[in-house]
Amino acid sequence: MHQKNALVLAAAIATLSLIGCGGGGTGGGNGMIQQPGSMDPPANESPGTSELARLAGQPIQESNSDLAWYASPQIDLPVSGLDGLQVTRPNIGGGALPRIQFDRDLSYILEPSLRYADDSGARTRLETVSFLIWKMTNLAYTQWTRHLNYHPGELFLIVGDGPDDSLTRHDTDTIAVAYFDGNSIVLTTEWITHNYRLLSTGNDTLTLQATQELFFVISHESGHQFGYTNSGGNTEGCGDSPVPCHAPAGSGSLMSYDHLEGRSVRYNVTEEDVRHIPNAAWNDSNVDRYEVAKTGESMFIDSWGVWIDHEFEVSGQTAPGRIHGGNLNIVDNITGTGWVNGRASTGVVLTGNATWSGQDNFLGVDLTPRFLGALLRADANLRYTFSSGNLNLRVNNFEAHYQDGSGSAKWHEHDFPDDDFGDFSYDMRCNSVKCSSNVVNTNWYASDEGDPTGYVGGVVHDAANRYAGSFVAQKD
């Protein structure tokens, strides 16, 4: 993006508009930005036959908004087959791994005091803005990746002009550029400094403006990373490429220059936009379901696991002639539901104490703010006390699967810091069909040897501790 008029960084009323990106000439494609003067999650599926009964928990939902972690099941879930897990992803959609690199001198430009002392307030401001950029990057990429037919892998966002001063070949008013040959987006020092000052004021209006601009600019530039070309568009800002890399005038597209002509532009990616992206297909559902499952060891338990539903939808348009304002709306929710498929025992009569145990026999999803959407595994063990008719479930030794910015997603030891470090115990009352409480519901399942209580399978929907899932445990 370029600017036609000089950027006055100190002006609180400075307005940013988008121009140019994309292209692919011999010097490497580039794109530039200029600055001028709740849908419900899918319903639980019904049993396929009268013999097969699906025990499903109550869904628990949490939003990505204002949380300390950005959940992306495409990125954070394991590949199918790992550790005996069957992972089913949507038919459309690809996983991108955003990698954000900050120019080494940028922190001193944004916070000069750090050149001379360890200023805790300055460090906190830098961390807050860094997280916001990371989060807006994930949201912007998700706009496109949920429509891709491939996994783009690592994509780089360079904050600051970059160690090789790669933007010096453009005029000094450039505020963002996409380089196809390096698969990266660069946000210039001048523009980031402008937005950093808006974010550091503590003023809600200016903070919203900066957030909207970050989302819009990264969404626009990432469209070029995914190869947006439009034969009916224009070539301005497309670098050395003769191929039009922007949407036509008057389209109102996120990929257009309409804001430079005083018009509004959309914050969201549309089906028409996706039509101009290679290897992409429009995903017309705003809820993508992911399923992680294990096969039951008993012939009476077919499978068990967890559904993770990602609800994502962006709408709204900017104020006329701006890349902020108007009405940006983002719905971004994660819902978790545990389930067990099997043929439950009925008419069960327990005649004494008994225990059921397993290792990594709980599968679930974390719905806490810090690790929203992370797949969980844990040990589930049960004890039945004949004298009280009570079945106790203990779930502990949690691990969570996610990518932490250092490489591919993997298992990590996992605690619930505010809730006994992830060691949960639940008491249930039992009858001849099942045992249940307001958090856990279970059924009896027969072993292959015919013991009707050979297995206990159940679902957990713990709204207080913010996790959900299912388990199957074998009688000792």
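Positions are given from 1, in the same order as the sequence printed here. Since we're looking at a predicted model, the values are computed, not measured.
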- Determine, stepwise, if the pair Asp273 / Trp144 fulfils side chain to side chain contact (heavy atoms under 4.5 Å, CB included). CA-CA 9 Å; Asp273 295 327; Trp144 296 104; 4.0 Å; yes
- Within-4.5 Å side-chain heavy-atom neighbours: Thr189 and Leu106: yes
- Are Glu311 and Thr335 side-chain neighbours, meaning at least one heavy-atom pair lies under 4.5 Å? no
- Note on the structure: Shortest non-hydrogen pair, Ser436 vs Asn441, comes out as CB-OD1, 3.0 Å
- Heavy-atom donor-acceptor pair, Ser470 side chain to Val306 backbone, under 3.5 Å: no
- Item | Pairs flagged by salt bridge (charged side-chain N to carboxylate O under 4.0 Å, His left out) wherever residues 142-152 is involved - sequence neighbours left out | Arg146-Asp288
- Message: When you compare the side chain of Leu155 with that of Phe226, does any pair of heavy atoms fall below 4.5 Å?
- Response: yes
- Item | Closest approach of Ser63 to Asn333 (non-hydrogen atoms, all atoms of both residues) | CB-OD1, 3.2 Å
- Task: Indicate the atoms forming the closest heavy-atom contact of Ala446 with Ser345, along with that distance.
- Result: N-OG, 3.4 Å
- Query: Are any non-hydrogen side-chain atoms of Asn279 and Leu148 less than 4.5 angstrom apart?
  - Reply: no
- Checking Thr295 side chain against Ser303 main chain: does a donor-acceptor pair fall under 3.5 Å? no
- Query: Between CD of Gln212 and OH of Tyr267, what distance do you get to the nearest 0.5 Å?
  - Reply: 3.5 Å
- Output the distance between atom CG (Asp366) and atom CD1 (Ile334), rounded to the nearest 0.5 Å. 11.5 Å
- Message: Is any side-chain heavy atom of Trp191 closer than 4.5 Å to one of Val217?
- Response: yes
- Within a reach of under 6.0 Å around CD of Glu297, are more than 12 heavy atoms found that belong to other residues, nucleotides or ligands? no
- Item | Over 12 foreign heavy atoms within 6.0 Å of NZ, Lys434 | no
- Thr385 vs Ser387 side-chain heavy atoms within contact, under 4.5 Å: yes
- Kindly state whether the ring of Tyr290 and the ring of His310 have centres lying under 6.0 angstrom apart. no
- Under the salt bridge (charged side-chain N to carboxylate O under 4.0 Å, His left out) rule, collect the residues that match up with Asp284, sequence neighbours excluded. none
- Message: Once side chain to side chain contact (heavy atoms under 4.5 Å, CB included) is applied, do any residues pair with Thr442, and if so which ones, sequence neighbours excluded?
- Response: Leu391, Met428, Cys435, Val440, Val456, Phe471
- Item | Check: Asp379 side chain, Asp360 main-chain N or O, donor-acceptor pair, under 3.5 Å | yes
- Any luck finding a side-chain donor-acceptor pair between Glu221 and Gln225 under 3.5 Å? no
- Query: Could you state the interatomic distance from CG (Leu126) to OG (Ser200), rounded to the nearest 0.5 Å?
  - Reply: 8.0 Å
- I would like to know whether Ile192 and Leu110 meet side chain to side chain contact (heavy atoms under 4.5 Å, CB included); could you show each step before the answer? CA-CA 9 Å; Ile192 285 297; Leu110 300 177; 4.3 Å; yes
- Is it true that a side-chain atom of His220 and a backbone atom of Leu254 form a donor plus acceptor pair closer than 3.5 Å? yes
- Check the pair Asp302 / Arg343 against side chain to side chain contact (heavy atoms under 4.5 Å, CB included), numbers first and verdict last. CA-CA 8 Å; Asp302 294 340; Arg343 285 153 292 279; 2.6 Å; yes
- Message: Using the rule side chain to side chain contact (heavy atoms under 4.5 Å, CB included), only one of Asn327, Asn329, Ile330 pairs with Ser315; which is it?
- Response: Asn329
- Proximity of Phe362 and Tyr467 rings by center, below 6.0 Å: yes
- Expected output: side-chain Arg466 to main-chain Gln61 donor-acceptor under 3.5 Å: yes
- Below 4.5 Å, heavy atoms only, C-beta onward: do Leu77 and Arg89 meet side chain to side chain? yes
- Item | Closest non-hydrogen atom pair between Asp76 and His401, with its separation | O-ND1, 2.7 Å
- Query: Is atom CG of Asp204 surrounded by more than 12 heavy atoms (other residues, nucleotides or ligands) closer than 6.0 Å?
  - Reply: no
- Is it true that atom OH of Tyr150 has more than 12 heavy atoms of other residues, nucleotides or ligands lying nearer than 6.0 Å? yes
- Item | Nearest non-hydrogen partners of Ala122 and Tyr196, listed with the distance | O-OH, 4.1 Å
- NZ/NE/NH1/NH2 to OD/OE distance under 4.0 Å, Asp423 and Arg394: yes
- Item | Geometric class of the Tyr228/His224 ring pair [parallel <30°, tilted 30-60°, perpendicular >60°] | perpendicular
- Message: Which residues pass the ring pair (Phe, Tyr, Trp, His ring centres under 6.0 Å) test with Trp356, not counting sequence neighbours?
- Response: Trp444
- Item | side chain to side chain contact (heavy atoms under 4.5 Å, CB included) assessment of Ile133 paired with Met136 | CA-CA 5 Å; Ile133 293 172; Met136 291 301 104; 5.9 Å; no
- Scanning both residues in full, the closest heavy-atom pair of Asp119 with Leu114 reads N-CD2, 3.7 Å
- Item | Lys/Arg-Asp/Glu bridge criterion (N-O < 4.0 Å) met for Asp83, Arg377 | yes
- Task: Mind checking ring pair (Phe, Tyr, Trp, His ring centres under 6.0 Å) for His414 and listing every partner two or more places apart, or none if nothing turns up?
- Result: Phe371, Phe416
- How many angstroms lie between OG1 in Thr229 and CD1 in Ile277, if you round to the nearest 0.5 Å? 7.5 Å
- Message: Any side-chain to backbone donor/acceptor pair from Thr318 onto Val265? Under 3.5 Å, distance only.
- Response: yes
- Task: For Asp448, check side chain to side chain contact (heavy atoms under 4.5 Å, CB included) against everything at least two apart and list the hits.
- Result: Ser298, Met299
- Message: I need the Arg383 CZ to Asp427 CG distance, nearest 0.5 Å.
- Response: 8.0 Å
- Query: When you measure from the side chain of His147 to the backbone N and O of Asn283, does any donor-acceptor pair fall under 3.5 Å?
  - Reply: yes
- Message: Using 0.5 Å steps for rounding, measure from the CD atom of Glu313 to the CD atom of Gln143.
- Response: 10.5 Å
- Side chains of Ser425 and Asn392, donor plus acceptor under 3.5 Å: yes
- Would you check if Ser253 and Arg266 make a side-chain contact, meaning some heavy-atom pair closer than 4.5 Å? yes
